[in-house]
Each structure stands twice: as structure tokens, then as C-alpha cells.
There are 4 protein chains.
Amino acid sequence: MGGTAQKHRGNRYGRSEEARQSVLEAADDLLVEVGYARLTIEGIAERAGVAKQTIYRWWTSKNDILMDAFVQDAAEALIPSDTGDLRHDLRTHARNVAAFLTASDAGAVFRALTAQAQHDPALAARLQAEHLGKQRGHDRLPFERAHIRGDLDPGVDIDLAVDQIMGPIYYRVLVTGEPVTREFTDTLVDAVLSRG
Amino acid sequence: MGGTAQKHRGNRYGRSEEARQSVLEAADDLLVEVGYARLTIEGIAERAGVAKQTIYRWWTSKNDILMDAFVQDAAEALIPSDTGDLRHDLRTHARNVAAFLTASDAGAVFRALTAQAQHDPALAARLQAEHLGKQRGHDRLPFERAHIRGDLDPGVDIDLAVDQIMGPIYYRVLVTGEPVTREFTDTLVDAVLSRG
Amino acid sequence: MGGTAQKHRGNRYGRSEEARQSVLEAADDLLVEVGYARLTIEGIAERAGVAKQTIYRWWTSKNDILMDAFVQDAAEALIPSDTGDLRHDLRTHARNVAAFLTASDAGAVFRALTAQAQHDPALAARLQAEHLGKQRGHDRLPFERAHIRGDLDPGVDIDLAVDQIMGPIYYRVLVTGEPVTREFTDTLVDAVLSRG
Amino acid sequence: MGGTAQKHRGNRYGRSEEARQSVLEAADDLLVEVGYARLTIEGIAERAGVAKQTIYRWWTSKNDILMDAFVQDAAEALIPSDTGDLRHDLRTHARNVAAFLTASDAGAVFRALTAQAQHDPALAARLQAEHLGKQRGHDRLPFERAHIRGDLDPGVDIDLAVDQIMGPIYYRVLVTGEPVTREFTDTLVDAVLSRG
DNA sequence: GACTAACCGAGACGGTACGTCCGGTCTTCCG
DNA sequence: CGGAAGACCGGACGTACCGTCTCGGTTAGTC
């Protein structure tokens, strides 16, 4: 990315963008096909048509690869709309988050990464820095816009409100495994907005 | 236990209770000492002073062992008190759940199991059947007691209320990694009770 | 053996003859079916319908079992005929030895035992004591009978003569793997008798 | 050797000659030290300072390793001298064969391989192809040289003569366990030469 | 236009742990 | 007290990946 990697196949002036892409795609595909436990670096290398050493030159672990793949895929996702109607924007955003987590390939990668982050502080930090921080910013957006518009009760703690909407969604996905319906997300939004 | 396993060291009339205990304790200890990733069945066997085959005779995987260890440890934990005051009981329970998740050895095992359950449906099912189902029952108890006492607004959806309190707690623990303070849990309880 | 074992199934008055026979037959059968390398004590026990401990109570190793099985089977075999004609008796005996080694089940057991005796001195000693010593006596018989009849040149070293006939037969069977034909054994006999 | 394996430590252009040698020497040493039965591939790997997988990459079994070790060691051994005197050359050769079989490390490996070849046809074939065939050629040499010199009775069957000398030697070594004395081998040679 | 440093594929290597098989021992209950 | 059953500790099996290390080939800027 960025401009260092061009079309060459790799030499002292830069890495092979082609190899990079092959690896990320192979990792994505294999995660979906065989699952996290059976995802191996050797398998990724073979599927990508790349030497194992090439992977070790640029990534430190399979989590590192998945993290890159996830960042690339999920880069622009999950920015809430801005219709000027707080309730509507929140309801739509909550639904989108639920769909992302339960129905998309990127969501599968996210769940795998979140799982591994439980026992890998470095991964947890990267996930926080490169995704969760930004995502929290997105999750706060509807409230901040409403605040600017003057539509928001000044007593509202935005971080708490975000936790109260997002928390139960992630809880169902990661812990209880229950389906996350539209009724459920709408109710969560309404509960937060009806308070105060 | 149960009557099948007695004092013998294992023969055709039953397994060795001593070996069973050694394995579960070794697994617990090693998880805390070296972490999930470096927890191996060979390591458990060595620490427990047990042959590897004895482990494979009774358990199918290291997750299976951890599940047993967790069920044994967490069996009686996290039952909410009953003071007759719904708000008080909920606040105390929420604090206890948070402490369990973040500060106890059993909580560490739970987080590891929840993580692995993301890519192991069989483990997810066992976790649901042997812990989460029962725990949800416990989490509902304060509301049900209040309902019986006539202290609860009849319009309250108990399952939703539980998700709204527990969801954000697990979300912070498993996803964002933020600390779960007493203020946070109290506020969650109050938000649920103030609605309607 | 001996008379201590009768029809009972094993109690304080002696071992079970039935179990003994089952084990020896199972060992014989399995040796032919799966070969020496895949012959296991557990396999013999299962096939014989006998507990492993019963085998360990009476035998020390699978070689020990095979040795018993072999002694029982080959007990009366390979005694040379006595027609009064040294050349004829030797030729017939040499042919019988060759047939035993190459074409019989007992011969297969013998070859397996001889092989293992190369790296098991205890087995070598038992094989010598319980079979080879007796067999050497049988191999010498035609010469001794001829000696008594006065048909044998007094200068003949009987042990050497036996080695010169038997040696090449065993050599072909155990080492070169060449077929041992009637022409070959007849020639060996003639060569020994023509000398002197 | 031969050009494929050079000084490198093993890469796609060839294997590590150093590892190959370590394994063969470790196998040789351990066979003598602990005996065939206690010779394990793990033991060889540890002694050789080599990974188990490296052994499995290049050899199929411990017999395969021993076969390689034997071929390398015994390559040039046991070629009979050529003094122009058939009786003398045969006597010397017979004594050398006996000494090889009973007193040398390579002979110990040979006996182990011959033993295993009884129940391993593939090993028997390799032993035949890579050693016994060549050795039989060597064993025939004195007779062939004498034939060329015109010193040999044309009626002599060389293969039979070789069997009559070598057979009893191997028989004593592999079967009866009797010592193979100089008198014994000399007598065998004389018996073959005095016929006709 | 030859040189050269970094990247690339390929894959051998020393390791660790896997899950299985079997050896030999021990314990329990039955006959 | 012998035997059936089978759990137990121990150790080796053969396999799968790990992460490291050469190799020879390729490529693009430099001299």
C-alpha cells in the first residue's frame, strides 16, 4: 500500500503487492472453508502460491495476517447514516452492526480475532487500535450529530448509551448465540432514547 | 461422586477419581500459568502425573477438559442474593458477575472457553447447556422474585432486561477491554429499572 | 501339560487348559495371518477370548508363546525313516526338512523364532534346548544306525556330515531365499556320502 | 554422495549429507549398544542430533536405516584374495566370512537384517539386491579364477560348491550358535575340493 | 550493460505436540 | 485362587506444523 509497492514481483526496492494480496485472500478463504483451528500458515502459503518464508518476512503470525485481511475488508464498513433523525439512524446502524457480525465473512474474521484476542494482549491492542477505536467513533456519531443539532438531552452519557445498545448485540453474538432480530435492536435503541 | 467412581485406582468397575481430579486441577493451574495457547494435553498429563492415554480415554480435547474443570469450579457461583429489594439484588449481582469475569480463575477459564466456542459449535453447545442456560436462570431470579412479590411492572420483558444489564458487562470484558466499574454496573441496573 | 490341568476353567487346583490352548492357537493363527511384526499380545488375548493378564501370568513374551506353540506342533516331526539304506534315509530326511522349513505353518513359526533368537539370547537358549538339540539328535540318527550296522566308514565325523547336509538347506531358506529343490538336497547327500 | 548432496545443510537442491551420516552412525552405534529390540527411531534421532521428521523424510523404517548403514560399511568387505592357489584362497575367504559374521559390528547389523528379512519381503529383496547378490559374486570368484587358469575340474557346479562351503558357516552362526572354528572352515573347503 | 542487493519460490531442517498403539501392571469381582 | 475385564502409567509410533535456514532465480536501480 501507500506507494512503496508497485507492480514489480519484489526486489530490494519493495515487496510484491501480488504476493501480499494472494496471502490475504487465501487467509480469508481458508478461514471460511476450514475454520480458525485448521487454518495454518503452511496452508495459506500453499493456497496463495507463495513461499512460507515470504509470509514470515511480512507477518508475525496467522492472527497478524487475519488482522491485515480484516482491516482491508472492513475499512469503510459500518458508518452510520445521517438522516437528521437520531432514532432512525441508530436503529439502522444497530441493524447493520448485527448483520455484519452474524452474516458477513468479515464478521466471521472479526469473531475469530476477538476470540483470539482473549489470550493474546498484543492482538487485543492491535484490534483496539485499528478497528475498535475507529468503530466506537462511528458508533458515537449519531449521538454527536444530534448533540450538535440540539436534539440530544444534555444529560446523556454518550459512551454509556453506546454500550447499552452495542453491548447486548455483541453479547448475544459472542456469548449466548441467540439470534439478533430487528425487534431486538429496535427495542435496545428505544430503551436508550426513552430514558431521561 | 455419583456412585460410579469409588476409591479404587481404576478398573473395569469404574475410573480413577484421583486421576480425574489431578487432570482438572492441572488444567486449571496451567491455563493460569502459561495461557491457553501454550496449554497442551502432554503438559496437563505430565503435571497431573497421569498417562496421556488416560486423558484421551475420558476427554476428547483440551476444551473438553477445561469445560469439565469449569463446570466443577463454577457450579455454585453467581446465584443472586434475595433481600426483597430488586434494585439492590440486581446491583449486587451485576457487580458479582463483573468480578467473576475479570478477577477470578474460573472467569479466566470462562473467557477462554467462550473464545474457543466462537469456532467450535460443539463446545458452544456444551457451554450453553452446562453453564449459560443455568446462569441465565440465575440472572432472571431477581426479576422473577420481584414479579411474585408484585414489585415488578408487568410490562417488563425479563429476558430483554437481563440482556440490557449483562450485555454491556460482557461486551466490555470480551470486546472493548474497558474496566467494569461499580458505577458502570449500577448505572446499567438503574437504567433498566427507571424505564417504563 | 503334566497332568495338573484338567477340565476346570482355572482355579486353585491349576490353570485352565482351555485358555492355554486358545492362546497357542490364536498365536499360531495370527502369526500366519498378520505376520510377526503385527503380532501383539493384546491381539492374541482378544483372538483367544482370554484376559491379557492370563497371558502374562503364564508367558513372559510373545516369543515365549510362539516357542510353546512351536514345541507343541513340531513335537513329533522330522524323525528320519529307517529303511536300512543310509543314502535313501538321508535323502528322504533332507527333503522332509526342506519341506518343513518352506511349506509348513510350523516352519513359519520356526523361521520367526530363529529370526528373533538373533537378538534374544534367552530365546536362543530355549530354542536350542527344546528343539535344536533334539532335532540334531534326529539328524544324526541315520548315520548312527548305519554305524551300528557297520555300513559307515569309521572315519566319518557325524556332526560335520550333518552340518554339510543341513547347513546349505537352512542357508538357502534363511539367507539367499533360493528354492530348495529335490535335486539340491539329493546332491548334498551324495556329496557327503561320496567323500572319504 | 555422487554429486547430489554437497556442503549445504539441506534445501531444495538436495539433502544434508551431514544429517545422513549422523543418522547412519547413530543407528550403527545404538544397534551394538542396546540391541535391535530397543533400537528406536526416536533414539536414533536424539543420538544423531536430528529431527525425527528428517529421518522419516528419507527412510521408511529402522530396517531401511540399518540397510543403508550396512551397505555403506560393508561395501568393500569380503573380497577373496587371489594367490593363484584355489584351496588357499577359499580357506582364507571362508575364515574371513566367519570372522565377519561373528566378530564385526557390520556382521551384527547383517544378522539383525537377515533376521528381520524373515518377515519382511521388501527388506529381503533389498538385502538380496544390495548385498547378497554381490557377495555371491565374490564367493564365486576363487572358483572362476581357477576355472580360467584351468585348475578347476570342469564338472564342478560352482553355485553348489559355494553353498556347500558357505551354507554350514551361516547355519552355525544363525541357527545352532556353535562356534565357527578355523578347523571347521578348512574342513568344509577340503571336502568340496576332494570330491570328484 | 554488467553488477548487485532484496525479494521470491522452494523445501530441508531442528523442534513440539498431536492422537494412537501396545507393553506390562494392578485392581475388582465372579466362579 | 485362576480368570475376565479393563483402567492405569509409560514409551514409541508416524504425522502435522512451527519458525529458521539456505539455495538458485528474478528484477530494478546503480556504476
Side-chain angles (χ1 to χ4, degrees), chain A residues 5-16 18-19 38-43 45-46 48-58 60-62, chain B residues 5-16 18-19 38-43 45-46 48-58 60-62, chain C residues 5 8-16 18-19 38 40-43 45-46 49-58 60-62, chain D residues 5-16 18-19 38-43 45-46 48-58 60-62:
Chain A
Q6 300 298 333
K7 285 182 179 174
H8 54 75
R9 292 167 58 181
N11 59 20
R12 75 167 127 163
Y13 300 98
R15 65 192 286 192
S16 162
E18 192 180 7
R38 292 190 187 174
L39 179 66
T40 66
I41 291 193
E42 291 205 336
E46 190 185 8
V50 142
K52 212 165 37 152
Q53 184 58 39
T54 300
I55 294 185
Y56 282 104
R57 200 174 354 248
W58 301 108
T60 64
S61 64
K62 72 178 181 182
Chain B
Q6 300 298 335
K7 286 178 181 174
H8 51 74
R9 292 164 61 180
N11 59 22
R12 77 156 132 164
Y13 298 97
R15 64 193 287 192
S16 163
E18 191 177 305
R38 292 189 188 173
L39 180 65
T40 67
I41 290 192
E42 290 204 337
E46 191 183 7
V50 143
K52 209 164 40 151
Q53 185 58 43
T54 298
I55 294 184
Y56 282 105
R57 197 173 357 251
W58 301 108
T60 62
S61 64
K62 71 179 181 182
Chain C
H8 54 76
R9 290 168 59 184
N11 56 21
R12 72 174 112 173
Y13 302 103
R15 66 192 285 193
S16 162
E18 193 179 5
R38 292 189 188 175
T40 65
I41 291 194
E42 292 204 336
E46 190 183 10
V50 143
K52 213 167 37 154
Q53 183 57 38
T54 300
I55 293 184
Y56 281 105
R57 201 175 346 250
W58 300 107
T60 64
S61 65
K62 72 178 181 182
Chain D
Q6 300 296 337
K7 285 179 182 175
H8 52 73
R9 291 166 60 180
N11 58 21
R12 76 156 134 166
Y13 299 98
R15 62 193 288 192
S16 163
E18 193 178 304
R38 293 188 189 174
L39 180 65
T40 66
I41 291 193
E42 290 204 337
E46 190 184 8
V50 143
K52 208 164 44 152
Q53 187 59 42
T54 299
I55 294 185
Y56 283 104
R57 197 172 359 249
W58 300 110
T60 63
S61 63
K62 71 179 183 181

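All figures in this text were calculated on a predicted structure; none of them were measured in a lab. Just so it is clear: chains get the letters A, B, ... in the order the sequence lines come, proteins before strands, and each one is counted from 1.
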- Check Ala51(A) against Ala45(A) and note the closest heavy-atom contact, atom names and distance. C-CB, 4.4 Å
- Counting only side-chain N and O atoms of Trp58(D), is one of them less than 4.0 Å from OP1 or OP2 of dC13(E)? yes
- Item | Partners passing salt bridge (Lys or Arg N to Asp or Glu O under 4.0 Å) against Lys62(D) (at least two apart in sequence or in another chain) | none
- Considering residues at least two apart in sequence or located in another chain, which fulfil the side-chain hydrogen bond (donor to acceptor under 3.5 Å, both in side chains) criterion with Glu46(A)? none
- Pairing residues for Gln53(C) by the side-chain hydrogen bond (donor to acceptor under 3.5 Å, both in side chains) criterion, not counting sequence neighbours: none
Spacing of [X] atom [atom1] relative to [N] atom [atom2], expressed in whole Å:
X        : N       : atom1 : atom2 : value
Glu18(C) : dG2(F)  : CD    : C1'   : 13 Å
Ile55(A) : dT20(F) : CD1   : P     : 13 Å
Glu46(C) : dA4(F)  : CD    : C1'   : 13 Å

- Report, as a single string ordered 5' to 3', how protein heavy atoms within less than 4.0 Å touch nucleotides 9-16 of chain F: B base, S sugar-phosphate only, - not at all. BB-SBBBB
- Task: Applying side-chain contact (heavy atoms from CB on, under 4.5 Å), name anything that partners Ser61(B), two or more places apart in sequence or on another chain.
- Result: Asn63(B), Asp64(B)
- Measure the shortest side-chain to side-chain distance between Arg57(D) and Thr54(D) over non-hydrogen atoms and say whether it is less than 4.5 angstrom. yes
